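Report on the structure given below.
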Amino acid sequence: MVSVIITSFKEPKTIRKCISSIADRKYSGLPTPYEIIQVSPDDLTLKQGLKEAHRLGLNKKQYIQIKDPKKGKPFALKMAIDKAKGDLIIFTDGDVYFGENAVR
């Protein structure tokens, strides 16, 4: 399994494209099984991430959200790492988009 951890803060305009560039497996080269873990402190970015996950039809095993308690990025990353089930973990940010075959 591959886990992709997205840290994002006040990125409601970019998080949807970030998630879709990862979840489009033909484009990103992401193998199955996979999980996308979004960790954000702000409700608007979380809401937009969830909206995109629903639009893409991602299930609860493929898309996981964590509410960051605003204790800093290292704390947020640790929360996500503790939740991740993947043998391989990829870290990215909510304003970064995967390129074609980025995971391959």
Side-chain angles (χ1 to χ4, degrees):
M1 176 181 285
V2 175
S3 298
V4 180
I5 295 174
I6 306 168
T7 53
S8 56
F9 178 56
K10 292 187 179 178
E11 295 172 323
K13 294 181 180 178
T14 58
I15 192 68
R16 293 180 76 170
K17 185 175 177 183
C18 173
I19 292 169
S20 66
S21 76
I22 296 165
D24 182 348
R25 295 180 35 254
K26 289 182 182 177
Y27 176 76
S28 69
L30 187 66
T32 55
Y34 70 90
E35 63 183 359
I36 298 170
I37 302 171
Q38 177 192 350
V39 57
S40 306
D42 62 301
D43 291 332
L44 190 53
T45 303
L46 288 168
K47 181 180 175 182
Q48 291 302 314
L50 189 58
K51 189 182 282 189
E52 186 64 11
H54 284 295
R55 186 186 76 78
L56 296 169
L58 300 179
N59 64 42
K60 292 181 180 192
K61 290 184 179 184
Q62 293 171 316
Y63 178 75
I64 300 161
Q65 277 193 338
I66 299 172
K67 175 85 173 184
D68 175 356
K70 295 184 182 177
K71 293 185 178 184
K73 190 169 185 173
F75 189 87
L77 286 169
K78 171 105 173 66
M79 289 174 60
I81 291 167
D82 289 345
K83 190 92 166 164
K85 295 181 179 92
D87 299 317
L88 175 67
I89 300 175
I90 299 170
F91 298 94
T92 192
D93 291 313
D95 61 350
V96 174
Y97 316 123
F98 278 28
E100 191 169 359
N101 292 315
V103 179
R104 271 191 202 126

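All of these numbers come straight from a predicted model, not from anything done at the bench.
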Report task. Taking salt bridge (charged side-chain N to carboxylate O under 4.0 Å, His left out) as the test, write out the residues that go with D93, two or more places apart. Result -> K73
Query - salt bridge (Lys or Arg N to Asp or Glu O under 4.0 Å) partners of residues 32-54, not counting sequence neighbours, each pair once - result: R16-E52, D43-K67, E52-R55
Report summary line: Applying salt bridge (charged side-chain N to carboxylate O under 4.0 Å, His left out) to K78 and not counting sequence neighbours gives D82
Query raised in the report: Quick one: are T45 and S8 in side-chain contact, heavy atoms under 4.5 Å?
Result: yes
Query - Residue pairs passing the side-chain hydrogen bond (donor to acceptor under 3.5 Å, both in side chains) test where at least one lies in residues 95-104, sequence neighbours excluded - result: N101-R104
**Report entry** Side-chain donor/acceptor of S40 to backbone N/O of L46, under 3.5 Å
**Finding:** no
Query - Apart from I6 itself, residues in the same hydrophobic cluster as defined by side-chain heavy atoms under 4.5 Å - result: V2, V4, I15, I19, I22, L30, Y34, I36, L50, L56, L58, Y63, L88, I90, F98, V103
Requested in this report: Among Ile, Leu, Val, Met, Phe, Trp and Tyr joined by side-chain contacts under 4.5 Å, find the other residues sharing a cluster with I37 and list them by chain and number.
Outcome: I5, V39, I64, I66, F75, L77, M79, I81, I89, F91
Query raised in the report: Looking only at heavy atoms, what is the nearest atom pair of S28 and S21, with distance?
Result: CB-O, 3.2 Å
Report summary line: When every non-hydrogen atom of K70 is compared with those of P41, the smallest separation belongs to CG-CB, 3.5 Å
Query raised in the report: Can you name the closest pair of heavy atoms from V96 and C18 and give their distance?
Result: O-SG, 3.3 Å
Report task. Could you tell me which residues satisfy side chain to side chain contact (heavy atoms under 4.5 Å, CB included) with N59, sequence neighbours excluded, listed by chain and number? Result -> K61, Q62
**Report entry** Nearest-0.5 Å distance, CD of residue E11 to CD of residue Q38
**Finding:** 9.5 Å
